[in-house]
Amino acid sequence: MINLGSLLELLDVAEEDINLFSLRHSNMAKRLIFKPSIRNGLEIILPRFYDDNWVLETVTKSKSKIERSISEIKENRIEL
């Protein structure tokens with residue numbers, strides 16, 4: 001089963017950025033969702049039924065998008 005720690009390790013997240021991530025399981029979601037928010041950081045939403053390998057592969061493919069979202073969140077928080 002996927003947990004936040006394994007995803008953070010896969011993404012090689014810096015210590016100061018760990019609090020910008022959260023993981024949630026959803027019964028309604030039909031796909032893996034990355035939901036960036038200035039207030040909540042980056043929320044990763046997992047669908048009800050998923051394959052661990054599929055999630056790890058998708059997160060790995062989306063690593064640059066995730067890094068871009070985190071940098072935008074950090075910049076926007078500084079502006080506020």
Side-chain angles (χ1 to χ4, degrees):
M1 179 166 232
I2 299 290
N3 62 24
L4 185 58
S6 63
L7 291 178
L8 294 176
E9 189 174 315
L10 177 68
L11 292 170
D12 195 28
V13 176
E15 285 286 325
E16 67 267 5
D17 295 340
I18 288 176
N19 62 346
L20 294 175
F21 287 87
S22 63
L23 181 68
R24 179 170 60 97
H25 293 79
S26 171
N27 290 333
M28 300 286 290
K30 293 184 170 114
R31 59 184 174 82
L32 185 64
I33 300 170
F34 301 104
K35 184 177 175 185
S37 166
I38 295 172
R39 181 183 293 187
N40 300 327
L42 182 71
E43 184 177 28
I44 301 172
I45 303 168
L46 297 173
R48 182 175 179 188
F49 301 109
Y50 63 89
D51 178 42
D52 288 349
N53 292 328
W54 170 75
V55 171
L56 296 174
E57 182 181 316
T58 304
V59 168
T60 303
K61 286 180 182 177
S62 302
K63 186 174 180 176
S64 62
K65 176 184 171 186
I66 292 169
E67 290 172 347
R68 220 178 13 253
S69 294
I70 290 299
S71 65
E72 288 174 8
I73 290 169
K74 288 167 61 174
E75 288 174 15
N76 289 332
R77 283 185 173 186
I78 290 172
E79 289 178 13
L80 290 177

Linked, directly or transitively: L23 and M1 (ILVMFWY side chains, under 4.5 Å):
yes
Please list all pairs passing the salt bridge (Lys or Arg N to Asp or Glu O under 4.0 Å) test where one or both residues lie in residues 2-15, with sequence neighbours left out.
none
OG/S71 to CG/D17 distance, rounded to the nearest 0.5 angstrom?
9.5 Å
Mind running side chain to side chain contact (heavy atoms under 4.5 Å, CB included) on K74 and L20 for me, showing each step along the way?
CA-CA 9 Å; K74 288 167 61 174; L20 294 175; 3.7 Å; yes
Write out all pairs satisfying salt bridge (Lys or Arg N to Asp or Glu O under 4.0 Å) with one or both partners inside residues 39-64, taking only residues at least two apart or from two chains.
R24-E43, E57-K61
Measuring from L11:CG to I66:CD1, what's the distance to the nearest 0.5 Å?
4.5 Å
Count I, L, V, M, F, W, Y as connected when their side-chain heavy atoms are under 4.5 Å apart, and connections chain through other members. Are I45 and I73 then in the same cluster?
no
Report the distance from atom CD of E67 to atom OG of S62, rounding to the nearest 0.5 Å.
11.0 Å
Following the transitive rule for hydrophobic clusters with a side-chain heavy-atom cut-off under 4.5 Å over Ile, Leu, Val, Met, Phe, Trp and Tyr, establish whether F21 and L10 coincide in one cluster.
yes
N/O donor-acceptor pairs under 3.5 Å from side chains in residues 28-35, not counting sequence neighbours:
none

Check the hydrophobic clustering (I, L, V, M, F, W, Y; side-chain heavy atoms under 4.5 Å; chains of links allowed) and say if L56 and L8 are grouped together.
yes
Quick one: pull up CG in L46 and CH2 in W54 and give me the separation to the nearest 0.5 Å.
8.0 Å
Gap separating the CG atom of L42 from the OG atom of S22, nearest 0.5 angstrom:
7.5 Å
